[in-house]
Amino acid sequence: MAKFTHDTIVPFDQSKQGKKEQVEAMFDQIAGRYDLLNRFLSIGIDKGWRKKAIRQLKDIQPKRILDVATGTADVAIMTQKILQPEKITGIDISEQMLAVGRQKVAKLGLNQQIELLKGDSEAINFPDNSFDAVTVAFGVRNFEDLDKGLSEMYRVLKPGGRAIILEFSKPKQVAFKGLYNLYLNVVAPKAGQWLSKNKDAYQYLNNSVKAFPEGETFLHILQQAGFSDTRLKRLTLGICTIYCGNKKAS
């Protein structure tokens, strides 16, 4: 039984598949236009969000980084440019998203630095204590089992390592809430349907953002998964949030 409401939010209500399989199918369908849709729907602001999240790792200078739900490798590529670690491994359940990401990585000549693998974020195929840092941008909402996914991220982190999670959230300012809800309820699904021919994907975005346990609630969930020194930073009037959590040094 799902512990969190968002665990039960799925892209295709009529499907008999589980959330994980539906999310994989959804991203396979929209992979070719995913980057265009991101830039269009966020007016390009998402690039700045990603950069701010990655910079939360500067002080620990990670050598090996795991990018969970890497998608088309935006965060992996940006992380390589900003932090220049020895190796970044990106995992994702959507082979079509990874295919787009691999093309981008190859075009930039980063095949030695960035490796993209098909993988399940809730059963990460690496030993304990493998990475200095774990990143995930706009991916934890898609976990079928949030606790399991976060526990896996904690497991593969080295002691003293850090997880950085970037996720949508809901603005607190009353004056901005109405405009934001109009965008999320009407503009994003319509634009998603027009650009990708897949309205379900962007209706799912709306539903999953609304149901996600954000803010201090999410910090508590991180703590329950074992993370310490947890903190958050709200961006752009609260429509996006960076969450940080460390694994205690042994």
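What you are looking at is a predicted structure, and each value in this text was computed from that prediction instead of being measured. Numbering starts at 1 and runs along the sequence shown.
Using a 4.5 Å heavy-atom threshold, the side chains of Ile239 and Ser169 count as separate.
Counting only residues at least two apart or in different chains, salt bridge (Lys or Arg N to Asp or Glu O under 4.0 Å) contacts with residues 88-101 comprise Glu95-Arg102. For residues 50-59, every residue pair satisfying the salt bridge (Lys or Arg N to Asp or Glu O under 4.0 Å) rule, not counting sequence neighbours, is listed here: Asp46-Arg50, Asp59-Arg162. Sorted by first and then second residue, the side chain to side chain donor-acceptor pair (under 3.5 Å) pairs involving residues 75-86 (not counting sequence neighbours) form an empty list. Counting only residues at least two apart or on different chains, no ring pair (Phe, Tyr, Trp, His ring centres under 6.0 Å) pair has a member in residues 64-110.
Among residues two or more places apart in sequence or in another chain, the side chain to side chain contact (heavy atoms under 4.5 Å, CB included) test is passed with Lys233 by Gln56, Leu235, Ile242. Listed by chain and number, the residues in a salt bridge (Lys or Arg N to Asp or Glu O under 4.0 Å) with Glu122 are Lys20 (sequence neighbours excluded). Contacts of Glu216 classified as side chain to side chain contact (heavy atoms under 4.5 Å, CB included), with partners at least two apart in sequence or in another chain: Leu219, Leu232. Shown here are the side chain to side chain contact (heavy atoms under 4.5 Å, CB included) partners of Gln96, two or more places apart in sequence or in another chain: Asp28, Ala31, Ser94. Not counting sequence neighbours, the partners of Tyr243 by the ring pair (Phe, Tyr, Trp, His ring centres under 6.0 Å) test are Phe218. Residues passing the side chain to side chain contact (heavy atoms under 4.5 Å, CB included) test with Gln224 are His220, sequence neighbours excluded. By the side-chain hydrogen bond (donor to acceptor under 3.5 Å, both in side chains) test, Ser121 is found to be paired with no residue, residues two or more places apart in sequence or in another chain being considered. Thr89 meets the side-chain hydrogen bond (donor to acceptor under 3.5 Å, both in side chains) test with no other residue; sequence neighbours excluded.
Remark: Arg64 does not engage Asp132 in a salt bridge, criterion side-chain N to carboxylate O under 4.0 Å. A salt bridge between Arg234 and Glu214 is present, with a side-chain N of the basic residue lying under 4.0 Å from a carboxylate O of the acidic one. Ion pairing between a basic and an acidic side chain is recognised when a charged N comes within 4.0 Å of a carboxylate O; Asp35 and Lys104 show such pairing.
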Hey, mind stepping through Thr236 and Ile45 against side-chain contact (heavy atoms from CB on, under 4.5 Å) and telling me if it holds? CA-CA 9 Å; Thr236 316; Ile45 297 172; 3.9 Å; yes
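Interatomic distance, Leu146 CG to Ser151 OG, rounded to the nearest 0.5 Å: 9.0 Å.
Each of Leu57, Ile165, Ile164, Thr230 was scored for a side chain to side chain contact (heavy atoms under 4.5 Å, CB included) with Cys244, with one residue passing: Ile164.
Phe168 and Phe212 have their aromatic ring centers separated by at least 6.0 angstrom.
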